[in-house]
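Throughout, protein chains are lettered first and strands after them, A, B, ... in sequence-line order, and every chain is numbered starting at 1.
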Amino acid sequence: MQASSVEIRKVNKFYGPFHALKDVDLNILPGKVTCLIGPSGSGKSTLLRCINFLEEYDSGEIRIDGQMMGYDAPGRKMSGRKLREMRRSIGMVFQQFNLWPHMTARENVAEGLIRVRGMGKAEAHERASAALTKVGLADKMENHPLRLSGGQQQRVAIARAIAMEPRLMLFDEPTSALDPELVGEVLNVMKTLAAEGMTMVVVTHEMGFAAHVADQVAFMEKGELVGVDTPDRILHQPADPRIQSFLRTYHERNSF
Amino acid sequence: MDFSIFQQYGPALLKGFGNTILCWALGTVFGMALGLVIALIQRYAPKYIRWIVQAYIEVIRGTPFLVQLFVLYYGGPLIGLRLDALPAGLLGLTIYGSPYFAEIFRSGFRAVPHGQIEAARAIGMTELSIVRRILLPLGLVSSLPALINFSIILTKETVILSIITVPELMYQVNRMSTETFRFLEANLVLALFFWLLVETISRVGRRFEARITKHLIERT
């Protein structure tokens with residue numbers, strides 16, 4: 001599998017007067033898993049969404065395999081065609097799954113192959129079946145999203161992304177909307193992907209996943225990237241008091 | 001009450017009812033089509049075009065249907081638009097319904113969760129594909145109850161077409177009652193016909209709605 005790298009340099013993002021991302025620098029290495037953690041509203045999701053330009057950043061650069069995302073040159077936005085071209089190799093998984101409810105699981109996965117990759121229906125459905133089998137849903141292909149559990153829906157969403165053969169996968173709190181007993185099945189699929197060498201950026205509150213699967217963990221607070229390091233150094237021996245305080249709150253909430 | 005006069009006027013009334021159904025059906029279909037175009041313009045066109053379309057909506061919604069018909073039928077010839085009563089009535093009904101349909105579609109589109117549009121953008125679908133494959137099917141489904149409702153309202157607006165001599169049911173009923181002075185009987189028959197029409201539309205509508213929302217609504 002070809003895996004992308006992402007370089008994020010001095011990225012800033014404003015919502016009116018609100019400074020959502022402040023000079024964020026981050027290197028995302030090919031074939032590695034980067035977890036973004038931090039309190040709500042810290043800008044993790046915003047940063048993630050800037051990577052595939054669902055959110056426009058105002059200054060700085062995001063480069064995917066060396067090519068700047070969203071802009072031809074600073075301040076000059078790229079054409080819709082070029083943007084779509086770049087997005088084809090980036091898969092995204094959302095907190096709310098965002099499956100299309102009027103299509104079956106298989107149709108959800110095949111849609112992008114047909115419309116974006118220009119595949120014939122038969123071939124697209126074959127590929128969709130393979131992707132759904134990979135995420136353990138071979139027996140649910142003809143179900144509409146409403147007939148699936150949250151965990152199954154999220155796995156369809158992952159299949160929809162990987163069927164496009166992306167070189168980079170973005171996960172925006174993929175397990176936050178799930179009942180606790182369904183979190184595991186989604187994380188397992190993600191672990192498989194990571195083991196295959198997919199470049200992954202994961203916004204998550206699952207510290208266990210960050211600790212065991214991530215190659216690096218980035219901590220954000222108030223739009224700033226406070227620290228990036230190995231999971232062990234961020235989660236077990238954090239130097240920055242802001243990370244210490246976040247983890248203390250996390251442990252208090254999760255202890256019983 | 002004396003219903004024997006229907007032996008004489010029955011055929012004319014049935015023909016009138018046929019015209020009523022024709023005007024309603026075509027006026028609804030064309031009005032919906034125009035409304036859909038307006039709603040898409042409102043969503044995607046540059047703002048100057050949106051302003052023009054918004055002005056159209058305000059004018060049509062803000063004036064009585066009767067006045068619109070007069071302007072179209074009697075004012076039309078002044079600008080070279082000479083229409084027979086029936087086509088004029090059809091055009092009038094189409095124009096009258098379009099802004100209401102447009103508003104229904106607009107709110108239907110807004111009911112499509114933004115995340116589902118973003119998911120399509122994220123895999124690189126074109127905006128046109130997104131409209132065709134995601135926004136339209138889902139938006140139309142959420143518009144459906146309001147569409148059926150407004151179509152039912154439109155059935156009863158067709159009686160106004162009698163004013164510009166469209167030979168629909170109201171027109172025939174008026175003719176019959178002025179010739180025979182059987183106002184009550186004639187209008188009761190009119191009411192019966194409309195009730196039949198509305199009842200049919202709402203039954204068909206409900207069945208259609210149930211069929212296409214089968215996969216979209218949680219059954220309890």
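At distances below 3.5 Å, at least one donor-acceptor pair connects side-chain atoms of A:His102 with backbone N or O atoms of B:Arg133. In this structure, A:Asn98 contributes its side chain and B:Gly115 its backbone to a donor-acceptor pair below 3.5 Å.
Looking at A:Leu99, only its backbone comes within 4.5 Å of chain B, counting heavy atoms on both sides. There is no contact between B:Thr213 and chain A, counting heavy-atom distances below 4.5 Å. Heavy-atom distances place the side chain of A:Arg49, and not its backbone, under 4.5 Å from chain B.
Under a cut-off of 6.0 angstrom, the local environment of CD in A:Glu126 is sparse, with at most 12 non-hydrogen atoms contributed by other residues, nucleotides or ligands. Around atom CZ of A:Arg63, more than 12 heavy atoms belonging to other residues, nucleotides or ligands sit under 6.0 Å away. Within 6.0 Å of OH on A:Tyr15 lie more than 12 heavy atoms contributed by other residues, nucleotides or ligands. Remark: B:Arg61 CZ is packed, more than 12 non-hydrogen atoms of other residues, nucleotides or ligands lying under 6.0 Å away. The number of heavy-atom neighbours closer than 6.0 Å to CG of B:Asp84, taken from other residues, nucleotides and ligands shown, is 12 or below.
Of the inter-residue distances, the one linking A:Leu113 atom CG with B:Ile123 atom CD1 reads 8.0 Å to the nearest 0.5 angstrom. Distance CG/A:Leu83 to CZ/B:Arg121: 10.0 Å, rounded to 0.5 Å. To the nearest 0.5 Å, atom CE of residue B:Met125 and atom CD1 of residue A:Ile114 are 10.0 Å apart. If you take CG on B:Leu216 and NE2 on A:His144, they are separated by 7.0 Å, rounding to the nearest 0.5 Å. If you take CZ on A:Arg84 and CD on B:Glu127, they are separated by 8.0 Å, rounding to the nearest 0.5 Å. Here the straight-line distance linking atom CG of A:Asn52 with atom CD of B:Glu118 works out to 8.5 Å at 0.5 Å rounding.
Here the shortest heavy-atom pairing between B:Ala119 and A:Phe94 reads CA-CE1, 3.6 Å.
Contact of the B:Ile134 side chain with the A:Met103 side chain is registered, since non-hydrogen atoms from C-beta on lie closer than 4.5 Å.
Of the residues considered (A:Glu111, A:Gln96, A:Met164), A:Glu111 shows the highest number of contacts with chain B, using heavy-atom pairs under 4.5 Å.
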